[in-house]
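All chains are named by letter (A, B, ...) in the order of the sequence lines, taking the proteins before the strands, and each is independently numbered beginning at 1.
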Amino acid sequence: MQRSLISDIIANDIEGEVNIAVWIQDTRSLKNVIFLTVRDTSGMAQVTIRKGTLDNEEKIVGLNRESVIAVKGKWDRKSASKLGVDIVAEKIEILNESLAPLPLGVDDPVEADFDTRLNNRFIDIRKPEKALIFQIESTMLWGIRKFFNSQEFIEVHTPKIVAAATEGGADLFSVKYFEKEAYLNQSPQLYKEILMSCGLDRVFEVGPAFRAEQHNTTRHLNEFTSIDIEVSFADHNDAMAFLENAIKHGVDEMLSRHSDQMEKHGIHVDRVKTPFPRITYEECRKLINDAGMNLEFGDDFSPEQLKVIGNKFNGFYFIIDWPSSMRPFYTMPKPEDPALTNSFDLQFNELEITSGAQRVHNPEILEKRFLDKGLNPSEFDFYIKAFKYGMPPHAGWAIGLERLVMILCGLPNIREATLFPRDRTRIVP
RNA sequence: GCCCCGGUAGUGUAGCGGCCUAUCAUACGGGCCUGUCGAGCCCGUGACCCGGGUCCAAAUCCCGGCCGGGGCGCCA
């Protein structure tokens, strides 16, 4: 199908005949002329039909909102349309008619409930400001991928159906796997570490992660997209450098491609300055205790306490040196103080984005860490085995794509950054 | 998992024991006007989540269910 995007017609100031394919957002039939407000994925335009010039103009005026048409015509530069482009129609083909009334208006003056929007996501995302979120998400991920590619990472895909009962953290969804019981993986953690033993050295993965947690918040999902990396011959400082640079490149890419649209829809994202500040868990604990709240060594920060820290640090920063008791078994204890770990959380204002660490690479220490955490090492033989025949020191992190977009764009709910969110109650659509 | 809140036309709402044959906006249908662009004006269609209960009387109060919103916890 030959067509031009509305944005290209504007950008290239096309003089001659153009073909556009669009959704009808509104029709206004006047005495001598019919105006259509139309929309494609790139933008909005006005289509003008001079009465008496099209044999199907009656039919077109009667079309319901959101019907799809193809228009052949020329840009009338004298038209005073507020949309900036006005195509005078020479021919209009009806590609598909919409039913009415719509389950959800695309440009209605009142915003529908989020539940209604999610139930009718196919229309919701026709709204340019909603579509923009996913364009941003894609572009940012593209920037991150380009960065990893430039750093000699390879993109990998680890299994999402796994046998391990638990890694000691989140609950897993179980699935029937023929005669066996299996689970949906909550993270590629164990597999990407094994890849370090494979000698692949630098890997990243973008894929789904599943958590069977009954949380009910605006920042958790039961299925989300995890960006994971793992790097050999690296420690937590190397991992933090990769993280801040990955975010910088993602944001740069986002701004280079979408800043106009972001501005138009009130999404403001600052350029990222690296390196991010590093503050220790102990420093944070002091801030909180100084603010009159009590936080014992080994306790996690509550949302209220994170605000205290966030008030002190704007934008991105790392909280480092977390207590060993708070971190998963694979986290490397500090050689000089085993009560602490070579680990970090990435924060944005008062919001937690992600965590990472240098990993344990010595199999004896790893087994001991399993036992410390009350886990049975024998259930993780497939994992520990990879540590016994030459596992290099390594480090890595994972970051939730949707949460990153939510935080950067200041969205009120992580579901806004998810096409078809899976939460405590929703599995349709 | 704990706690709070809510479910009224396609959409978003007002009403919170009798004045409700239920408000307003928008959408939808019809008419008028009209180079419009949140078009304007007039007319019309369209709804109290489900099941019990209390009461002379329930959209309104009570109980249960279903569905949803949010906070906390949990969370690699």
Side-chain angles (χ1 to χ4, degrees), chain A residues 25-39 44-51 61-62 64-66 76 78-86 88 98-120 123-124 164 166-172 185-193 209-222 224 226-228 230 300 302-305 322 326-331 341 343-346 352-357 359 373 396-400 403 412-415 423-426 428:
Chain A
Q25 198 158 298
D26 185 37
T27 62
R28 295 178 298 282
S29 177
L30 277 56
K31 192 174 180 185
N32 299 313
V33 71
I34 299 160
F35 293 113
L36 311 177
T37 298
V38 300
R39 185 190 70 243
M44 311 260 295
Q46 179 166 95
V47 170
T48 299
I49 303 164
R50 299 202 191 287
K51 281 194 177 168
V61 176
N64 288 320
R65 299 192 295 171
E66 296 305 312
D76 174 10
K78 291 197 295 286
S79 166
S81 171
K82 290 174 181 170
L83 293 171
V85 222
D86 190 338
V88 178
S98 170
L99 293 176
L102 297 166
L104 181 68
V106 172
D107 65 335
D108 283 358
V110 285
E111 170 99 327
D113 286 346
F114 201 7
D115 190 47
T116 306
R117 292 174 42 212
L118 290 176
N119 285 336
N120 300 284
I123 291 188
D124 185 48
T166 177
E167 294 160 31
D171 286 333
L172 299 170
N185 208 179
Q186 55 174 282
S187 136
Q189 180 64 31
L190 304 186
Y191 287 94
K192 63 181 183 169
E193 286 195 73
F210 305 91
R211 307 274 163 99
E213 298 290 339
Q214 302 205 21
H215 33 48
N216 191 352
T217 76
T218 54
R219 58 190 186 283
H220 291 93
L221 292 167
N222 294 287
F224 64 92
S226 182
I227 306 171
D228 270 82
E230 204 67 33
D300 205 353
S302 69
E304 190 190 7
Q305 291 165 338
W322 289 77
M326 298 177 68
R327 290 280 154 163
F329 60 82
Y330 49 75
T331 311
T341 51
S343 64
F344 57 88
D345 271 15
L346 177 65
E352 182 190 329
I353 298 181
T354 190
S355 52
R359 324 296 193 185
K373 297 283 176 185
W397 45 258
I399 185 166
R403 189 179 282 194
N413 193 318
I414 194 166
R415 295 166 183 83
D423 60 28
R424 178 68 189 81
T425 53
R426 179 179 289 278
V428 175

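Using a 4.0 Å cut-off, some side-chain N or O of A:T425 falls inside it from OP1 or OP2 of B:G68. Distances shown here put every side-chain N or O of A:K51 at or beyond 4.0 Å from the OP1 or OP2 atom of B:G35. Side-chain N/O atoms of A:N222 include none lying less than 4.0 angstrom from OP1 or OP2 on B:C75. Phosphate contact (OP1/OP2 of B:G12, side-chain N/O of A:T116, threshold under 4.0 Å): present.
The side chain to side chain donor-acceptor pair (under 3.5 Å) search around A:R327 returns A:D345, not counting sequence neighbours. Scored by the salt bridge (Lys or Arg N to Asp or Glu O under 4.0 Å) test, A:R28 finds A:D26 as partners (sequence neighbours excluded).
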Distances under 3.5 Å between nitrogen or oxygen atoms of protein and nucleotides 71-73 of chain B:
from, atom 1, to, atom 2, distance (Å)
B:G73, O6, A:N216, N, 3.4

Which atom pairs link the protein and nucleotides 49-51 of chain B when you take only N or O atoms and keep those under 3.5 Å?
none

Check the interface with nucleotides 22-26 of chain B: list each N/O to N/O pair with the protein under 3.5 Å, or write none.
none

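Backbone-only contact: A:D26 has heavy atoms under 4.0 Å from sugar-phosphate atoms and none from a base. Counting non-hydrogen atoms under 4.0 angstrom, A:S79 reaches a base of the nucleic acid. Within the 4.0 angstrom heavy-atom criterion, only backbone atoms of the sugar-phosphate kind lie near A:N413; the bases stay farther away. Among the heavy atoms of the strands lying under 4.0 Å from A:R50 is at least one base atom, whether or not backbone atoms are also near.
Taking a pair as Watson-Crick or G-U with both hydrogen-bonding distances under 3.5 Å, the stems of three or more pairs touching RNA chain B are B:1-7 with B:66-72, B:10-12 with B:24-26, B:28-32 with B:40-44, B:49-53 with B:61-65.
For B:U36, the base has a donor-acceptor partner in the side chain of A:Q46 [N/O atoms by modelled type, under 3.5 angstrom]. For A:R424 against B:G1, a side-chain-to-base donor-acceptor contact under 3.5 Å is absent.
Distance, A:L104 CG to B:A27 C1': 11 Å, rounded to whole Å. Rounded to an integer number of Å, the gap from CG of A:D124 to C1' of B:G12 is 14 Å. Distance A:R403 CZ to B:C75 C1': 8 Å, rounded to the nearest Å. What separates CG of A:D113 from C1' of B:C5 is a distance of 14 Å, to the nearest Å. In this structure, the CG atom of A:D115 is 9 Å from the P atom of B:G12, given to the nearest Å. Spacing between atom CZ of A:F35 and atom C1' of B:U34 amounts to 10 Å, rounded to whole angstrom units. The distance from atom CE of A:M44 to atom P of B:C37 is 14 Å, rounded to the nearest whole Å. What separates CG of A:D423 from P of B:G69 is a distance of 6 Å, to the nearest Å.
Residue A:S98 holds its OG atom at 6.5 Å from CD of A:E66, rounded to the nearest 0.5 Å. Annotation: the span from A:R219 atom CZ to A:R415 atom CZ amounts to 11.0 Å, rounded to 0.5 Å. If you take CE on A:M326 and OG1 on A:T331, they are separated by 11.0 Å, rounding to the nearest 0.5 Å.
The shortest distance between side-chain heavy atoms of A:R65 and A:V106 does not fall below 4.5 Å. Annotation: side chain of A:D115 is in contact with side chain of A:R426 (closest heavy-atom distance under 4.5 Å). Between A:F224 and A:I414 there is no side-chain heavy-atom pair separated by less than 4.5 Å.
Proximity of a side-chain donor or acceptor of A:E213 to a complementary backbone N or O of A:N222 within less than 3.5 Å is not detected. Panel note: side chain A:K373, backbone A:Y330; no donor-acceptor pair is recorded below 3.5 Å.
Under the 3.5 Å distance criterion, with hydrogens and angles disregarded, a donor-acceptor pair is assigned to the side chains of A:S79 and A:D86.
Nucleotides B:G69 and B:U13 are separated by 14 Å at their P atoms, to the nearest Å. Rounded to a whole angstrom, the distance from the P atom of B:U60 to that of B:G51 is 13 Å.
If you check B:A39, B:C28, B:U11 against the side chain of A:A112, the one that comes closest is B:U11. Closest to the side chain of A:S81, out of B:C37, B:G35, B:G10, is B:C37.
Applying the 6.0 Å contact sphere to CD of A:E111 captures more than 12 heavy atoms from other residues, nucleotides or ligands.
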